[in-house]
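Keep in mind the model is a prediction, meaning the values are calculated, not measured. Letters A, B, ... are given to chains in the order of the sequence lines, protein chains preceding strands, and every chain is numbered from 1.
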Protein chains: 2
Amino acid sequence: MAQLTERKQLILAIITERYIATGEPVGSKAICAQMGNAISSATIRNDMADLVEMGYLAQPHTSAGRIPSQAGYRYYVDNLMTNYELGIDEQARIKIWLQSFSGEPDKLLEKAGSILAELTNCVAVSTSPSDAEAIIKRIELVPLSKNTAMIVLLATSGILKSAVVRSDTEINVDIAEVFYNICQTYFNGRNVSDISIPFIQTLVASLGDKVFIMSPFLCAVADLCEAVKNTEVHLKGQNNILNHPELSEDAFGLMGFLHRGTPLENMLTSHKNPLNVAIGTENTYRELKNSTTIFSKYSVGDRDSGSIGIIGPTRLDYAHLIPTIRYLAGVIGSLLTETLDNE
Amino acid sequence: MAQLTERKQLILAIITERYIATGEPVGSKAICAQMGNAISSATIRNDMADLVEMGYLAQPHTSAGRIPSQAGYRYYVDNLMTNYELGIDEQARIKIWLQSFSGEPDKLLEKAGSILAELTNCVAVSTSPSDAEAIIKRIELVPLSKNTAMIVLLATSGILKSAVVRSDTEINVDIAEVFYNICQTYFNGRNVSDISIPFIQTLVASLGDKVFIMSPFLCAVADLCEAVKNTEVHLKGQNNILNHPELSEDAFGLMGFLHRGTPLENMLTSHKNPLNVAIGTENTYRELKNSTTIFSKYSVGDRDSGSIGIIGPTRLDYAHLIPTIRYLAGVIGSLLTETLDNE
DNA sequence: GTTAGCACTCTTTGTGTGCGAGTGCTAACT
DNA sequence: AGTTAGCACTCGCACACAAAGAGTGCTAAC
């Protein structure tokens with residue numbers, strides 16, 4: 001990475017911040033004015049030419065001002081930007097609002113996504129906690145009517161899943177007891193990854209005449225375990241795509257990408273850094289080549305459980321957004337961990 | 001409503017269907033050809049001029065073909081259109097896919113929305129069953145950990161709601177029993193509209209020293225009753241807005257409308273007909289002035305419980321969509337009713 | 001290394017022209 | 001009276017061209 005003189009850094013910072021704020025290319029005169037006319041616009045033009053050569057700036061066309069290139073944003077984020085600090089009131093507002101959902105992880109992450117979309121005017125994406133290594137803590141069967149019951153599965157990492165099961169036969173106390181015995185023997189304390197459909201099949205074989213009655217319940221348990229392992233992706237603020245004129249060209253492709261599901265899920269589960277900023281083509285998927293993604297992991301206890309973040313144009317207010325997302329992920333992690341520790 | 005000669009009806013039908021299919025204004029020659037050149041284009045032009053005068057057709061500009069006006073679509077839907085009949089395989093596919101969610105009404109309607117969005121390439125909106133007159137059938141408390149429990153409320157109209165509650169004190173058998181007693185005495189068999197926060201407050205007063213322990217649970221019950229009364233709106237296929245070029249102008253406003261929530265909810269709860277088609281300015285909200293909304297109610301037992309339908313451009317394949325939505329609403333109703341009757 | 005001055009480039013906006021599609025009207029026909 | 005052929009007309013679209021404005025790049029001087 002080539003070294004930049006202090007003045008060039010200043011110029012890059014001014015251009016980046018002005019462009020982020022206004023969306024207009026920045027000309028040499030404007031910079032000159034912002035620097036108090038300490039140096040002339042010609043000098044700045046020389047520096048800008050150098051910055052273009054080095055790849056940090058781009059010009060939409062010859063007679064326009066300059067805008068940051070992808071590399072320019074990257075340099076800004078890595079070296080020039082001073083992180084904004086969230087006000088105590090902002091922090092409190094977020095925390096209090098989320099606190100009420102701390103018992104329901106899935107809902108908590110959905111709401112966190114909504115908040116983030118609201119705060120950032122971007123598309124917010126969040127994943128519910130998932131953990132292929134989670135251990136089943138308990139399974140409850142709640143009879144709802146003659147033929148239906150709810151099954152609730154509680155696992156480590158604060159994960160909670162439930163489903164409603166229909167049975168062809170009446171669900172009575174006997175059946176509940178058989179179910180609890182099975183749970184006690186085969187499920188509780190086991191890793192969710194062990195409870196696959198084949199496993200259920202071998203288990204079922206040993207049940208004798210209860211097979212037909214129990215199998216819907218056991219299949220439901222297997223489905224719930226599957227749900228624990230799988231990431232559930234929440235999308236919020238899709239309408240914000242249209243807020244950003246620079247995305248409107250890609251809007252269609254982006255929307256398609258968001259709804260295709262799998263690539264988005266991959267992206268959320270594969271990023272390595274605790275907080276990952278991918279600008280433009282730094283993104284793995286080419287649908288995002290004009291977008292920036294900022295994602296943070298959140299941890300329950302000492303395990304990374306999921307991610308939350310945003311997708312927006314490359315022209316983003318990084319200085320505000322990065323700390324906001326970092327804070328939000330922190331709150332989510334601590335709320336979930338807290339709930340867990342209280343058990 | 002002025003009478004139309006048979007030929008004018010035919011011309012209107014041809015224009016409407018061609019325009020729906022192609023999106024291009026239809027000229028006199030094309031119609032002439034489609035009618036097997038039985039009459040000349042000049043005659044058709046005369047008729048078209050009349051239809052414009054009567055308000056059924058519009059012309060984007062003098063030298064373009066004609067397109068149906070709002071009134072034209074209305075006339076087409078009311079008098080000219082022949083409803084498409086869903087194939088048995090289509091019917092079966094929809095039914096089988098939805099059947100698996102019949103125990104969870106909220107999920108069922110969310111999935112039904114997804115299916116509808118997929119089938120129609122429009123924005124699909126659905127409401128979960130809600131009923132201010134619903135009667136509480138039972139309430140269950142499922143202890144999850146020392147400090148958390150899930151409360152499940154089952155009401156008439158097949159409504160099922162649940163929430164997780166945190167308590168500062170340990171949730172033991174005693175507390176569960178007190179809770180069940182309260183449910184038995186004050187909640188079960190009552191109308192959900194009776195269980196308001198003030199009601200809880202008066203109830204709490206009679207609890208003596210259990211007040212602080214019980215109040216989070218009772219508040220949760222009140223919240224769940226509130227949720228039973230309130231319509232929960234599911235939005236699906238928002239990306240489809242961008243599929244329709246004629247909406248792209250309004251896309252921003254439409255997205256805003258969809259996310260504002262309340263007006264959308266009003267629209268869904270207020271339409272009178274079992275199946276309601278509102279074309280353009282027939283819609284109550286001016287954000288929808290270039291859109292068509294098609295909504296159908298679905299009934300659980302003999303009560304209207306919710307709605308499902310679509311929002312799209314006025315240029316819609318009415319002949320396919322109306323029967324599809326009608327069928328879907330029927331399936332939802334019968335699935336929910338069935339589940340209910342089996343109890 | 002910095003600056004003033006100026007020609008140059010490129011976008012934006014407005015205007016004019018030709019082309020094509022489809023109409024509206026008139027006069028003739030059945 | 002209803003239908004038809006013929007033709008002038010209108011309008012949108014595509015394209016070209018010119019003028020204005022913004023900002024640059026370069027050169028020569030400081």
Side-chain angles (χ1 to χ4, degrees), chain A residues 2-12 14-16 18-19 21-69 72 245-246 248-249, chain B residues 2-12 14-16 18-19 21-69 72 245-246 248-249:
Chain A
Q3 277 303 319
L4 292 184
T5 64
E6 215 160 295
R7 197 177 61 204
K8 277 180 184 144
Q9 293 199 353
L10 180 58
I11 289 172
L12 180 53
I14 288 177
I15 290 177
T16 308
R18 266 188 100 99
Y19 181 65
T22 66
E24 304 276 306
V26 185
S28 55
K29 272 200 202 129
I31 298 172
C32 186
Q34 183 155 347
M35 290 168 82
N37 296 308
I39 48 175
S40 82
S41 65
T43 310
I44 291 168
R45 278 204 291 280
N46 287 332
D47 281 352
M48 292 202 301
D50 290 348
L51 286 165
V52 169
E53 178 124 10
M54 287 188 259
Y56 293 119
L57 292 181
Q59 37 191 170
H61 53 266
T62 332
S63 73
R66 302 302 207 289
I67 61 175
S69 68
E246 52 265 70
S248 60
E249 242 180 53
Chain B
Q3 277 303 318
L4 292 184
T5 64
E6 215 161 292
R7 196 177 61 205
K8 277 180 184 146
Q9 293 198 354
L10 181 58
I11 290 172
L12 179 53
I14 289 176
I15 291 178
T16 308
R18 266 188 99 98
Y19 181 65
T22 66
E24 304 277 303
V26 185
S28 53
K29 270 195 203 134
I31 299 172
C32 187
Q34 183 154 347
M35 291 167 82
N37 296 306
I39 48 174
S40 83
S41 65
T43 310
I44 291 169
R45 277 205 291 281
N46 288 333
D47 281 353
M48 293 202 301
D50 290 348
L51 285 166
V52 169
E53 177 124 7
M54 288 188 256
Y56 294 119
L57 293 180
Q59 39 193 167
H61 54 266
T62 331
S63 75
R66 303 301 209 288
I67 61 175
S69 69
E246 52 265 70
S248 60
E249 243 180 52

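Legend: salt bridge (charged side-chain N to carboxylate O under 4.0 Å, His left out) pairs involving residues 48-64 of chain B, not counting sequence neighbours, sorted by first then second residue: B:K8-B:D50.
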Margin query: Treating primed atoms plus P, OP1 and OP2 as sugar-phosphate and everything else as base, which nucleotides of nucleotides 19-27 of chain D get B, S or - for protein heavy atoms under 4.0 Å?
Written below: ---BSBB--
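Rounded to whole angstrom, the span from the CD1 atom of B:I39 across to the P atom of D:dT4 amounts to 7 Å. Put simply, NE2 on B:H61 is 14 Å from P on D:dT10, counting in whole angstrom units. Distance A:E6 CD to C:dG1 P: 16 Å, rounded to the nearest Å. If you measure from atom CD1 of B:I44 to atom P of C:dA21, you get 19 Å, rounded to the nearest angstrom. The interatomic distance linking B:R7 (CZ) with D:dA1 (C1') rounds to 12 Å, in whole Å.
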For nucleotides 28-30 of chain C, which of its nitrogen or oxygen atoms have a protein nitrogen or oxygen under 3.5 Å away, and what is each distance?
none

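Residues A:I15 and A:R66 share a closest heavy-atom pair of CG2-O, 3.7 Å. Minimum interatomic distance between A:P68 and A:L57 (heavy atoms only, all atoms of both residues): CA-CD2, 4.0 Å. Closest approach of B:Y56 to B:L4, counting heavy atoms only: CE1-CD2, 3.9 Å.
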Check: Reading DNA chain D 5' to 3', how would its secondary structure be written in dot-bracket notation, given Watson-Crick and G-U pairs with both distances under 3.5 Å, brackets [ ] for crossing pairs and | for partners on other strands?
Finding: ||||||||||||||||||||||||||||||
Under 3.5 Å, which donor-acceptor pairs link side chains of residues 23-33 of chain B to any protein atom two or more places apart or in another chain?
unit_1, atom_1, unit_2, atom_2, d
B:S28, OG, B:R45, NH1, 3.3

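For B:Q59, the side-chain hydrogen bond (donor to acceptor under 3.5 Å, both in side chains) test picks out no residue, with sequence neighbours left out. For B:A58, the side-chain contact (heavy atoms from CB on, under 4.5 Å) partners at least two apart in sequence or on another chain are B:I67, B:S69. Under the side-chain hydrogen bond (donor to acceptor under 3.5 Å, both in side chains) criterion, B:T43 pairs with B:S40, sequence neighbours left out.
With rounding to the nearest 0.5 angstrom, the CD atom of A:Q9 is 10.0 Å from the CG atom of A:L51. Taken to the nearest 0.5 Å, the CD1 atom of A:I11 stands 7.5 Å off from the CE atom of A:M48.
Between A:I44 and A:R7, the closest side-chain pair of non-hydrogen atoms is not below 4.5 Å.
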